[in-house]
Novice: 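Quick one: the structure is below, and I'll ask about it shortly.
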Amino acid sequence: KNSFASLETSTVGQIDQILSNPARLIQRTRLKRTNYSCIGRTSNLAEDSLSQTDSDIFDDDDFYHQLLRDLIDRKTSGSAQGSQLTRQWLEVQKLRTRLKKKVDTKASKGRKIRYDIHAKMVNFMAPVYDDTQRDQTKNELFSSLFGTRRT
């Protein structure tokens, strides 16, 4: 097999190929690739060495790195020219500036009074009292409050 065969194979094809040998897949996901210590375990110098399998580790970095490479290749292969990439970037920036809302920065922290204008009242009239009725009602109220009744 060619050493670059995996680069020419699609992601789905690579997944099928990897899943064909589950023992190897499990061994690759339990491989210690970076230097770290596990919580609750005493560190031995022999266990700290890299490229050693551990049943408590699940590391699928290589799979996600391949997915990221495929995504980048797919996005950049559509536009081979640098000028086309720059044009697309400018279009995206224009769309972002259109979507930004204009915000009044001086209106925050109570620096600007916000109010709503209500519609004028229609068909409203204050009540009109008869002076005689008003005086009589007033006298009854005060007399009942103070306990004296005048007749």
Novice: Could I get the full list of salt bridge (Lys or Arg N to Asp or Glu O under 4.0 Å) partners for Asp60, not counting sequence neighbours?
Specialist: none
Novice: How long is the span from the OG1 atom in Thr53 to the CG atom in Asp59, to the nearest 0.5 Å?
Specialist: 13.0 Å
Novice: Using a 6.0 Å cut-off, check whether atom CZ of Arg111 has over 12 heavy atoms from anything other than its own residue.
Specialist: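 Atom CZ in Arg111 is packed in, count exceeds 12.
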Novice: CG/Asn139 to OG/Ser144 distance, rounded to the nearest 0.5 angstrom?
Specialist: 10.5 Å
Novice: Without placing hydrogens or testing angles, list every side-chain donor-acceptor pair under 3.5 Å for residues 113-126, not counting sequence neighbours.
Specialist:
from: Arg114; atom 1: NH2; to: Ala107; atom 2: O; distance (Å): 3.1

Novice: Nearest heavy-atom pair of Ile57 and Arg30: which atoms, and what distance?
Specialist: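 Closest approach of Ile57 to Arg30, heavy atoms only: O-CG, 3.5 Å.
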Novice: Out of curiosity, Gln14 CD to Leu67 CG, how far, rounded to the nearest 0.5 Å?
Specialist: 9.0 Å
Novice: According to a 4.5 Å side-chain heavy-atom criterion applied to Ile, Leu, Val, Met, Phe, Trp and Tyr, with indirect links allowed, do Phe58 and Tyr64 form part of one hydrophobic cluster?
Specialist: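 No: no chain of side-chain contacts under 4.5 Å links Phe58 to Tyr64.
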Novice: Could you work out, with side-chain contact (heavy atoms from CB on, under 4.5 Å) as the rule, every residue matching Asp16, not counting sequence neighbours?
Specialist: Val12
Novice: Using every non-hydrogen atom in the two residues, find where Leu19 and Leu25 come nearest and quote the distance to one decimal.
Specialist: CD2-CD2, 3.7 Å
